[in-house]
Amino acid sequence: MKALKTLAAATLGAFVLAGPALAQAQQPVKVGVIFPLSGGAGPQGQHVTQAIQAMASIINESGGVMGRQIEILSRDDESTPAVGVSRANELISEGVSVIIEGWNSPVTLAMQPVINRAGILDITAISKADPILSGEGNPLAVRLNSSNSQDGAVIAKYIADRKAKKIAFLTENDAYGNGAQESIEAELKKINYEYEKVAEEKFPFSQADFRVALTNVRAANPDITVAINANEGLGMPALIRQAKQSRLPGQLVTAVGTVAPSVISVAGEAANGVVGADIYFPDVEPFASNEMNKKFVAKTKEMFDYTPDKYMALGAAALQVWAMAANELKTLDKEPIAKRIRGGTFDGTIFGKMQFGPNGQLMSDHKLFTIEDQKIVVRSASN
Amino acid sequence: MNLTQQLVNGIVLGHAYALIAIGWTVLLGVARLVNFGHGQMYMLGAFVTWYGVSRLGLPYIVSIPFAMLAGVAVGFIMQRVMLRLTLKQDLVSIMIVTLGFGYVLHGAAALTFGSTGQILETPLSTQDIYWGDLWFTYQDIAIVIVAILFFAALKYTIDRTRIGRLARMVAEDPQLAALAGINVKRVYFGVFAFEGAAVALAAALVAPRTPILTSMGFDEVIVTFVVVVLGGIGSVTGSYLAGLALGLFTAFFGAFVSPAYATAAAFAVLIAVLVVRPGGLAVSPGGR
Amino acid sequence: MNNRPVLEAKDLKVAYGGNLALDLPHLAVRERELVGVVGANGAGKSTLVNGLVGWSRGTPKISGKVLLDGRDISGLPTHERVRSGLLLIPEGKLVFTQMTVEENLSSTSDETDLGQGRRRYSTDEVYGLFPRLHERRHHLGSQLSGGERQMLGIARALRLGPRALLLDEPSIGLAPRLVSTVLDTVRSLVDSGLTVLLVEQNVRAAIEVVDRLVLLERGRIIAEGPAADMRDDPRIAEAYLGAHVA
Amino acid sequence: MSHGMKTILLAILAVLGFFVPMILGGSGAVYAACVLIAIFAVMSYGLDMIVSDLGEVSLAHTVFFAVGAYTTALLSASAGFGPLLSLAGALLMALLVAALLGLVTLQLREFVFSLVTYAVAVVAATVAQNWSFLGGSDGLRGIPAFEISLLGFSARNDRELWPVAYLLLLAAIYVVSSFRRSRLGQAAMMVHLNPRLAVTSGVDPQRTRLQVFLLSAPITASAGWLYAYQRAYISADVLETYFLILMLTAVVVVGRRLLLGPLVGVTLILVQEKFFSFGGYVDKIILGSVLILTLSFLPSGLVGIFAPLRTLFARRQAPLGKPIPERS
């Protein structure tokens, strides 16, 4: 028994001792990246990581950060908070200067206090939960993906513009889904729009069979059905397909950022006609003519044979903004960089001009789109 | 609210649940074995069917036996590895080993098939039927028909045929069965092979209803638990009725309360039943 | 032919966790012979018959040779020894309680060629032997009385085509009148061609029907001989038959 | 070896154990790993009693872990309780839940028991996901640092938390070993191995089961208590199968009913996961295969491989690692 323990301890020791490298002037700057690389969200997490790698090589080609090259250390949080925390601890002991993370909100919320206590800058790329910016886990939080309240406005405006009266909600029953629905309703109230909520169906995140819920919605005969489901691998494509098959009346509108190209590829033809909204489209203005964006899209295609979607762009933009701030301030320290980003503005990013709110939230610009021929077609700017 | 449609939903769901659970019911009834890898075997069945249809270009009807064969193979391997534990009836170890099998199957399937969502499209699943206000697919009809035929055939086999009798003898008393000249090991192998084939058949039929992922399987295990326990452990008829009841419960609970809590509610019912009549579950082994 | 043993055990040893429960240098049962094994509780009687078919509800270590018609079957698993004609009717639970009498009597093997000296009794034959079972053929095993279960156990063995029958304490728990009925049936089976090794605690009843008697003590044979001679053996007379034996 | 010698040897071993992270270099990662290993080992010791001594597989122990963690989060973040008070609260809640669950499952055995405990775990996960009192899917934040003002003790990072984690681990090991030597422990073993004999010896199986359940739950809950402080954030993920598999593997992989088994098991798993990881899927295959192979082919667990060594150790460490043959 003791021999076993000693053996385990010895191997543990050997690996830990070999771990931390000495930080020297011309050593690369280590950037930690934590996303799910396996499981349902694995493919998307891998793409985001790849996009960050593409952005790192763009930055490295133009001189790196303070003259040093960026080295990406990528980890898999397995969509599990406990694993995420372990991985964050690993990266901290590897001496990273910043950690870019966050696909699932609980994973981000779990990692925040750990990274914060270690005095390392933590940039959340995608996780949407509101408490991420509350300051409880990390007083210097930064988050790029749009918040629920920003998203609510654009869907509310669409509903009002369509003069739809009977609204149904198909909502994932968790903090994200309920928050998204609340913000849409709050925005509708704010613009004093009169509507009737004819159906409201909640379902668990892992749901893939929506026939029971859709039957209820269909019976209510809504003008617009808002589908809020962040389960891109399974739930959202299933919902889109089953809505089509069940001949759901009215227009199906998806919550902001829930319909990525990957969803459309699984949903297939059923996705045609679905309306959604998002904040980044690689080949639509103003992104299409943005030199930085073109460079990024080209680099991602060259390195990974993949056209970036919003999530990938958010990951890459997180790295870009951090590198800009570091180069400008000539430091890698957490506090000055976080303060520069929070409430600050950056020009020449893949999103063009990026502006952050004082709470660390990126201000984003939403665009409505319709899916036609299984492609995202952005609606004219008048919307 | 369209109650007829919910009734249709419930009936289809119920037959799907019964079909998913049947392999486990027999496994439990005859060999007194539990299989926590059941959900992952379902996943594997769905992916092998998908691979046959969309990668090898096989007709759906050929892909189903193909998937069932894969299920039989997995069942054989599991039983081969666990034979010592099975003969010892070391249930503690068996439960944990099957959990381990589930892990291995998940990992291996994700490495083989990738972890993106896929659609298992069959000639039946794409054909919708609209009947007045009602909607279902030919796939749904196939699920109901196959489930009924399968249960009827199984019931007949167990009650009326020599193989069924042998299985029942082993179920009641494996040692006495050996004295009746029965090769108990072979019956155990057969039961595991049946479990593999049955769950693969269920997957091939039910999985086309929703997109498939290599990380799925958890919900299927949960459904199976409820069906098997509520149906009276090891009872074929009971499983069918429990599956149907669970399907209707899910549909109507979803219609009147919320789909969000349907699974938890089903489990709450299950716990309540067990508290009220803990002894009433030990139905005759052998699966009557 | 008549003198060649149907069943023979050589150097049969059975041990439970290092304790030798049976040590049997040699035992033979000849064609159409009814051999009785008697002894006190724990003398190794059940261990003997269980060991012959390689069967147990525990996990003993069994060594030695078992020959059936001269063929070594000791390497075979229990169910194959059963199929080759060596049938054990165990003590205690000997019928499938969840099945009807009829199902208990249904065939578990589809082989038709049984080989020399073996015959599969038909359902009608066993019903003829035990009319009571016919009356109760649609009852579940769990609904039968002790005597009926004993009959069903024997009947089921006959349906499998026995070459040699091992009976473990058939009289246990039966009313005295039933004991003699069961033992008389066994005797008549032997007379019609069967070979039987009978383990019995009720020595007085057993000695009336058996051809030969084996006395076991602490896992070893301490006396063996024709029933008539053994009746006078002091070890038998004193311990099992009581003082009033002449 | 005399009893006194054994006690001294054990005491020395216990003191030495405290310095393991320092011996291993004392970096932040080592402390983080050691604290986690201690917490998860304590979590597993609770389940160990049920699996090794009662012979049942409880799949609801993640619930006790969660009860400990959530109670701590609520008491410390919302009510402002200190660690000691929140520990008391966590243990009390765990006892309550265990009593309820124990009574419900009293009549159930083997797989039915496992199925029902699993059902309880699933229902608990749904409740935790959806009940806003427990933070819903966002979980509970704002758990303060571990500070006992009375003693002037404060732990802001894993290095400072290590003494607490190590003490908790020692306490859990002590409780388990005393339990095994106690009358309750003997009764549990009897109920497990020979229920009939137990009854005839005057042991009430149901009472014994309930008592073991009530002893086991607070152990696992105390791990949840420290986990809440260590992570400063608790969400429904503490009810995930990840923890369940971790516990089960730790309990069975080294060998059942070995006092240090769960600790070594957790250490092996976490070291693999942290330092020899091949990515989520391959890790899954490794963990699953280890479970399958040890249970199917090594009846006495991993120690079976080191059988010759074991006899050596058994002599020297008899009170600690004495293997008792599992049920035949």
Side-chain angles (χ1 to χ4, degrees), chain A residues 1-5 8-17 19-20 36-39 42 75-83 85-87 89-90 92-94 104-107 109-114 116-118 129-132 134 136-137 172-179 202 204-205, chain D residues 13 17 20 23-25 27-30 32-34 36 126 129-130 135-139 141-143 156-158 231-238 240 242-243 254 258-261 263-264 267-268 270-271 273-277 279-281 283-284 302-303 306 309-310 313 316-317 320-321:
Chain A
M1 186 57 58
K2 205 173 80 188
L4 265 180
K5 200 179 167 191
T11 39
L12 186 136
F15 270 75
V16 172
L17 287 173
L37 303 177
S38 57
R75 292 289 185 275
D76 180 4
D77 65 33
E78 299 175 30
S79 298
T80 307
V83 177
V85 170
S86 300
R87 301 294 180 238
N89 271 321
E90 267 171 62
I92 291 165
S93 64
E94 294 259 3
N104 301 287
S105 295
V107 182
L109 287 166
M111 290 193 288
Q112 269 190 322
V114 172
N116 177 48
R117 275 190 243 154
D130 292 332
I132 290 170
S134 69
E136 285 169 301
E172 178 184 317
N173 189 37
D174 61 9
Y176 158 69
N178 293 327
K202 306 260 173 122
F205 176 81
Chain D
L13 207 74
V20 164
I23 296 163
L24 294 174
S27 74
V30 169
C34 287
L36 264 194
T126 316
Q129 282 274 354
N130 291 293
S137 58
D138 272 353
R141 303 167 309 279
I143 300 167
R156 312 202 145 266
N157 55 36
D158 286 330
R231 218 170 75 168
Y233 165 76
I234 286 302
S235 73
D237 76 283
V238 289
E240 272 179 21
Y242 170 81
F243 290 98
V254 180
L258 293 173
L259 190 59
L260 292 185
L263 175 60
V264 177
T267 309
L268 288 175
L270 284 196
V271 166
E273 192 184 286
K274 280 174 174 288
F275 305 104
F276 297 87
S277 176
Y281 297 134
D283 284 358
K284 267 199 156 72
L302 276 184
V303 279
F306 306 101
L309 280 177
R310 190 179 56 180
F313 281 115
R316 219 183 304 163
Q317 286 196 349
L320 270 185

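Here is how names work: the chains are called A, B, and so on, in the same order as the sequence lines, proteins then strands, and each is numbered from 1.
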Out of A/Pro131, A/Ala129, A/Gly179, A/Ser105, return the one with the most heavy atom pairs under 4.5 angstrom to chain D.
A/Pro131

Which heavy atom in D/Phe243 sits nearest to a heavy atom in A/Ala82, and how many Å separate them?
CZ-CB, 3.6 Å

Counting only heavy atoms closer than 4.5 Å, note whether D/Asn130 contacts chain A via side chain, backbone, both or neither.
side chain

Can you tell me which portion of A/Arg75 sits under 4.5 Å from chain D's heavy atoms? Options are side chain, backbone, both or neither.
neither

Side chain, backbone, both or neither of D/Leu270 within contact of chain A (heavy atoms, under 4.5 Å)
neither

Interatomic distance, CZ@D/Arg231 vs CE@A/Met111, rounded to 0.5 Å, equals 10.5 Å

Cut-off 4.5 Å, heavy atoms of chain D, and the answer for A/Pro113 is side chain

About how many Å separate CG of A/Asp76 and OH of D/Tyr281, when rounded to the nearest 0.5 Å?
8.0 Å

At their closest point, which heavy atom of A/Ala175 faces which heavy atom of D/Ser137, and how far apart are they?
N-OG, 2.6 Å

Most contact-rich option vs chain A, by heavy-atom pairs under 4.5 angstrom, among D/Glu240, D/Arg141, D/Lys284, is D/Arg141

In terms of heavy-atom pairs under 4.5 Å with chain D, which of A/Glu90, A/Gln112, A/Arg117 leads?
A/Arg117

What part of A/Val83 lies closer than 4.5 angstrom to a heavy atom of chain D: side chain, backbone, both or neither?
side chain

Is the shortest side-chain heavy-atom distance between D/Leu36 and A/Ser86 below 4.5 Å?
yes

Looking at A/Asp130, A/Ile92, A/Ile132, A/Asn89, which has the largest count of heavy-atom pairs under 4.5 Å with chain D?
A/Asn89

By a 4.5 Å heavy-atom criterion (distance strictly below it), what part of D/Ala232 contacts chain A: side chain, backbone, both, or neither?
both

